[in-house]
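Side chains are part of it too, since the values below use all heavy atoms of this structure and drop only hydrogens, waters and symmetry mates. Computed from a prediction, not measured in an experiment: that's the story for all the values here. Naming: A, B, ... by sequence-line order, numbering from 1 per chain.
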Protein chains: 2
Amino acid sequence: MKSNKEEKPYDVSRYRTPDGYTSDIAVFTITSEKTKAYAPPKMELKLMLIKRAQQDTEGNLNIEPGKWALPGGFVTPEETAMEAASRELEEETGIAGIHLKHFGVYDEPGRDPRGWIISNAHYAIVPEHRLFERKAHDDAAEVELFPVQDLEQHLLAFDHASIIRHAITHITRDLLQTTVAKQFLPELFTYSELQAVLLTITDDKSIQNEQAFARKIKTLPFIEAVEGQKTQRTSKLPTQLYRFIDAEVKQSIYTARH
Amino acid sequence: MKSNKEEKPYDVSRYRTPDGYTSDIAVFTITSEKTKAYAPPKMELKLMLIKRAQQDTEGNLNIEPGKWALPGGFVTPEETAMEAASRELEEETGIAGIHLKHFGVYDEPGRDPRGWIISNAHYAIVPEHRLFERKAHDDAAEVELFPVQDLEQHLLAFDHASIIRHAITHITRDLLQTTVAKQFLPELFTYSELQAVLLTITDDKSIQNEQAFARKIKTLPFIEAVEGQKTQRTSKLPTQLYRFIDAEVKQSIYTARH
DNA sequence: CTTTTAATTAACATTATGTTAATTGTTAAT
DNA sequence: ATTAACAATTAACATAATGTTAATTAAAAG
């Protein structure tokens with residue numbers, strides 16, 4: 001904030017102020033399908049949306065009814081938008097303590113017919129198994145997981161189509177350029193499980209190639225093999241387990257291979 | 001926004017609303033110092049800050065006077081925060097049409113003593129030569145460029161110390177992982193000029209090494225050599241000029257070298 | 001004519017990758 | 001007991017990229 005010429009100190013009443021500040025959440029999960037025993041799973045990235053009801057619980061007509069929308073709600077003055085996201089997510093789905101990341105603000109005039117409402121958007125990563133906790137809580141809205149590919153065809157509320165496109169762009173970039181893939185995986189995982197996560201959002205040849213990827217994972221500075229820990233969940237042959245370690249990742253496009 | 005149980009449609013008056021929505025801008029420039037003729041310049045990344053006045057032009061006491069702060073101001077309902085950033089930047093410095101990027105929102109309760117004020121933060125890149133246009137406009141506040149290293153020691157307004165740390169983190173990452181370095185350079189540039197820009201924020205060995213970097217630039221898919229275009233501004237030997245081309249850059253930490 | 005210097009090229013050992021093939025350890029069927 | 005199946009792992013090797021050191025080039029400046 002600069003000291004604006006028209007500004008009187010401590011008096012903000014002269015400005016028109018926003019009619020609301022909301023927090024929206026793009027909830028991603030990866031569903032795993034076991035095609036058979038002792039084989040790596042097929043994975044698919046999905047986004048959770050809720051269907052807006054015709055009317056709220058007080059019987060009032062709802063805005064944008066019947067359309068699919070991101071979960072979210074109004075932020076209160078006692079919390080940050082990220083705290084609100086966490087709270088809303090728990091109210092909506094019963095899931096607490098999950099990974100959240102801010103990725104954008106939506107403040108285009110007219111984006112919300114109710115007034116000047118600013119949306120602070122986050123994406124969340126929920127491991128598939130934690131979604132089972134959800135069932136008990138979905139008392140209100142219709143909730144559904146959509147594969148990220150076929151989202152375009154659905155009728156979305158407000159400017160959520162645009163927000164969702166950005167969310168997918170951001171999570172895709174973060175999966176490739178940060179260690180956030182960790183959030184989709186168990187503490188210990190095999191090379192093929194990590195590979196399956198990455199292949200939900202990329203067709204990179206070096207990641208598709210099993211031999212190359214299995215060789216590469218051993219040299220990554222932010223992943224370590226866990227001595228003596230093996231699993232048979234992806235193959236009959238007991239397979240090495242890995243874990244992410246805290247290591248700064250800063251990769252330059254000017255030194256990387258292309 | 002979900003259809004909250006307590007929500008009446010089209011009636012937002014029941015919620016407490018923010019007292020203000022501001023747009024702040026971390027204005028970066030790289031200053032070039034020519035140590036001698038026919039040699040690459042020494043470059044340094046700097047951040048522009050303004051010193052908050054004791055009182056505004058109406059003679060009222062100002063808030064957080066004497067502290068250094070990011071330029072910025074209140075967003076109006078007819079514009080986005082980015083448009084406000086662009087407008088404020090022009091009002092403040094007379095510079096129009098420069099590169100802006102959103103990097104965060106600051107909404108911690110109590111961050112601004114004037115009330116519930118949400119800051120939407122951007123960084124801006126201004127080529128050094130465009131700062132000369134500034135002189136005429138700095139009618140009001142004291143403006144100064146600070147090397148990004150020694151910012152910690154200055155007294156900063158509000159939570160701007162924190163915002164500035166994030167701004168530096170983001171521009172550093174973007175310089176290495178996107179082609180935004182383009183914004184600091186002329187249309188055509190030599191390998192040593194690009195190298196000098198990158199070395200303002202990294203000590204990566206492969207970028208420091210001249211031979212390696214000069215060899216590498218020729219293979220980067222997002223940069224092309226401009227046929228027959230050479231310059232002598234960095235050396236006596238006429239030097240090849242390059243330009244950025246539009247090419248999607250998506251680099252994975254799982255395939256890159258470490 | 002000589003020195004100076006950034007850019008460029010050369011050379012070569014080292015390391016990483018792409019690719020194809022073989023080996024391993026286990027399950028499950030015969 | 002033997003064998004087929006198969007994901008993981010290792011091996012092998014040609015190709016490509018990188019790190020490093022050194023030589024060459026072209027122009028300026030004395």
| query | Watson-Crick or G-U wobble partner for C/dT30, using a 3.5 Å limit on both distances? | reply | D/dA1
| task | Assign each of B/Ala214 and A/Gln232 to its nearest nucleotide of DNA chain C by heavy atoms, then name whichever residue's nucleotide is nearer the 5' end. | result | B/Ala214
| field | Value in whole Å for how far the C1' atom of C/dA7 lies from CD of B/Glu193 | value | 13 Å
| Centres of the A/His154 and A/Phe146 rings: under 6.0 Å? | yes
| Over how many whole Å does the gap from B/Phe213 atom CZ to D/dG19 atom P extend? | 12 Å
| query | Is the backbone of A/Gly94 close enough, under 3.5 Å, to the side chain of A/Glu90 for a donor and an acceptor to pair up by distance? | reply | no
| said: Using OP1 and OP2 only, check whether a side-chain N or O of B/Lys218 sits under 4.0 Å from C/dT9. | reply: yes
| query | To the nearest 0.5 Å, how far apart are CG in B/Asp159 and CD1 in B/Ile164? | reply | 10.0 Å
| field | DNA chain C: 5'-proximal contact among A/Ser235 and A/Gln211 (nearest heavy atom) | value | A/Gln211
| request: Quick one: label B/Thr231 by what it contacts on the DNA or RNA (base, sugar-phosphate, nothing), any heavy atom closer than 4.0 Å. | output: nothing
| request: Report the residue (B/Ser206 or B/Lys236) whose heavy-atom-nearest nucleotide on DNA chain D is the more 5′ of the two. | output: B/Ser206
| request: Whole angstrom is fine here: how far is it from CD1 in B/Ile217 over to P in D/dT18? | output: 14 Å
| Whole-Å distance between C/dA6 P and B/Leu241 CG? | 18 Å
| Can you tell me how far C1' of D/dA4 sits from OH of A/Tyr38, to the nearest Å? | 16 Å
| task | Ignoring backbone atoms, establish whether B/Lys216 has a side-chain N or O less than 4.0 Å from OP1 or OP2 of D/dT18. | result | yes
| query | Base, sugar-phosphate, or nothing: which does B/Lys36 touch, judged by heavy atoms less than 4.0 Å apart? | reply | sugar-phosphate
| note | Contacts of B/Arg215 and A/Arg215 projected onto DNA chain D by closest heavy atom; the upstream (5') one is A/Arg215
| field | Euclidean distance, atom CD1 of residue B/Ile253 to atom C1' of C/dA16 [Å, nearest integer] | value | 18 Å
| query | Rounded to whole angstrom units, what separation is found between the CD atom of B/Glu210 and the P atom of D/dG19? | reply | 14 Å
| request: Tell me which nucleotide among C/dA28, C/dT26, D/dA17 gets nearest to the side chain of A/Arg257. | output: D/dA17
| field | Proximity of B/His102 and A/His102 rings by center, below 6.0 Å | value | yes
| Residue pair A/Asp204, B/Ser252: steps toward the side chain to side chain donor-acceptor pair (under 3.5 Å) verdict | CA-CA 9 Å; A/Asp204 187 306; B/Ser252 161; 5.3 Å; no
| If you look at every strand shown and take non-hydrogen atoms under 4.0 Å, does A/Thr219 touch a base, only sugar-phosphate, or nothing? | nothing
| query | Is any side-chain nitrogen or oxygen of A/Thr255 closer than 4.0 Å to OP1 or OP2 of D/dT18? | reply | no
| Does B/Ser192 place a side-chain N or O at less than 4.0 Å from the phosphate oxygens OP1/OP2 of C/dA7? | yes
| query | With respect to the phosphate group of C/dA7, does any side-chain polar atom (N or O) of B/Tyr191 fall under 4.0 Å of OP1 or OP2? | reply | yes
| note | A/His258 NE2 to D/dA16 P, in whole Å, measures 18 Å
| message | Can you confirm if the aromatic rings of A/Phe222 and A/Tyr242 lie within a centre distance of less than 6.0 Å? | response | no
